[in-house]
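Single-structure report; data block below.
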Amino acid sequence: MRPLDYLQSRLSAILADLEAIVVRESPSHHQAGLEEVAHWIDQQFRPFGAVTQTQTPNGPLLRVEVAGRGKRVLVLCHYDTVHPIGSFQPLWRVEGERAYGPGVYDMKGGIVQLLWALRASRELGLGWPQLELLFTPDEEVGSHASRAAIEEAALRSDAVLVLEPPTGNGDLKVARKGVGQYRLTAQGKAAHQGVEPEKGINAIVELAHQIPRVVALEDPERGTTLGPNVVRGGTASNVVAAEAWVEVDLRVWTRAEAERVEAALRALRPALPGASLRLEGGLNRPPMEPTEASMSLFEMARRIGEALGLHLGPGRVGGGSDGNFTAALGIPTLDGLGLFGEAAHQPTENVHIPQIPLRTALLCGVLEEMAR
Ligand SMILES: [Zn+2]
C-alpha cells in the first residue's frame with residue numbers, strides 16, 4: 001500500500017488527533033496550557049523513542065530520539081500559538097474542506113502530520129533516518145528559551161526539516177528574511193515648559209529627526225525594510241520631554257544587509273545640541289539564505305511532491321522561524337513542510353483537509369529518501 005492510500009484511509013483518525021491537540025489551547029507563556037500539550041505530545045510520540053522533557057522559563061521543551069538509518073535529521077516543531085485563550089468559538093470546527101482552530105495551521109497541524117508520517121512509515125515498513133524531534137514552547141515569542149537547544153541539536157545533524165506551514169500557494173520555504181529588533185532611545189533634558197523651556201532638550205524632537213534617517217536605510221531592491229512601529233516618550237504636556245524611544249523592526253534577506261544596517265544605526269548622531277542616542281537590540285533571527293545543500297534538499301522534496309501531484313516551488317518569505325537559526329549555522333534546512341492552509345495568526349486560521357494525506361505522504365517520502 002502507498003503511504004498516500006494508507007493516510008487517506010486514516011483521515012478521520014488524523015482529524016481526531018488534530019482536534020485533540022488544537023482544543024488544548026497553548027498560547028506562548030501560558031504555562032498550564034503548554035504543559036497539557038507537552039503531555040499530549042509525550043504520550044503520542046512515546047512509541048517511537050525516548051522522550052525527554054526539559055523545563056525552560058517559557059515552558060517544557062520536548063526532545064524525542066527516534067532510531068533510524070542513514071543521515072541524522074533534526075525535525076523542528078513548536079507547539080505554542082499566538083492565540084490568547086478563548087479567541088476561537090468554538091475551539092474546533094470543521095466546515096466543508098477546512099478545519100478551524102487556534103494553531104491548527106501554525107503549527108499543531110505539522111505536529112500531527114509528523115506523528116502520522118511516522119505511524120504510516122512504521123505500518124508500511126518504510127525507512128526513516130536517525131531522527132531527533134524537538135517540540136518547543138516559545139517560537140512565537142522569539143524562541144529565547146529554546147534557541148540554544150535548537151542550535152546544539154542542529155550542530156549534531158546532517159539536515160533540518162521544519163514543519164511550519166508552506167507559503168500561501170503551497171510552496172516549501174527555502175529562504176526566510178532575518179529579523180532584527182532594535183530600540184533607539186533619545187536622551188534629552190527635562191525642564192518646565194512654561195518657566196524655562198530653553199533649559200530643556202526635547203528628546204521627542206530629537207527622535208523626530210532620527211526616524212526619517214532610520215527609514216532611509218531601507219533598500220527595496222534588496223528587500224530590506226525598517227519599520228519604526230512603536231514609539232513612546234515624554235511624561236507630561238508641561239514638561240520638556242527628557243526621553244523618547246522608538247522600536248524598529250528590521251527584515252533582511254542577507255547577513256550582509258543586516259551588517260550594513262546595523263552599522264548605520266550605530267553611526268546615527270544626535271541632531272540637537274546636548275541630546276544623546278542609545279541603540280539596543282540586534283538581529284533576533286539571522287536570515288535563512290539558500291545554499292547548494294539546502295537547495296538539493298528542496299529539489300529532493302520537489303521530486304517526491306511531483307510524484308504525488310503536488311507542484312512545489314522554492315518559496316521565499318519575510319517571516320522568520322526556528323529554521324533561521326539552523327540555516328545560519330550552515331546546516332541544510334528545509335522549511336514549510338507542514339500542512340497547507342491559510343490565515344495563520346488570524347481568528348480564521350485553518351487547514352485544507354484534502355491536502356492532509358498528501359502533505360503527510362510527502363513527509364513520508366522525504367524521510368524515506370533520507371534513510372538511504
Ligand atoms: Zn509557526
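Being a predicted model, the structure only gives us computed values, none of them experimental. Order of listing sets the numbers, starting from 1, for every ligand and every atom in it.
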So, using side-chain contact (heavy atoms from CB on, under 4.5 Å) as the criterion, who are the partners of [X] when residues are at least two apart?
X: Val179; result: Asp249, Arg251, Arg285
X: Arg183; result: Thr185, Trp245, Glu247, Glu280
X: Glu19; result: Val23, Trp92

Report the C-alpha separation of His29 and Asn58 in whole Å, then their side-chain angles, then the decisive distance to 0.1 Å, and conclude whether the side-chain contact (heavy atoms from CB on, under 4.5 Å) test is met. CA-CA 6 Å; His29 299 306; Asn58 290 347; 3.5 Å; yes

Anything protein N/O/S under 2.8 Å from the Zn ion (ligand 1)? Just list residue and atom, please. His78 NE2, Asp106 OD1, Glu164 OE1, Glu164 OE2

Using side-chain contact (heavy atoms from CB on, under 4.5 Å), reason through Ile353 and Leu15 one step at a time and then give a plain yes or no. CA-CA 8 Å; Ile353 297 169; Leu15 283 172; 4.1 Å; yes

Please determine, by modelled atom types, if Ser294 and Thr333 share a side-chain donor-acceptor pair under 3.5 angstrom.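 Looking only at side-chain atoms, Thr333 and Ser294 do not form any donor-acceptor pair under 3.5 Å.
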
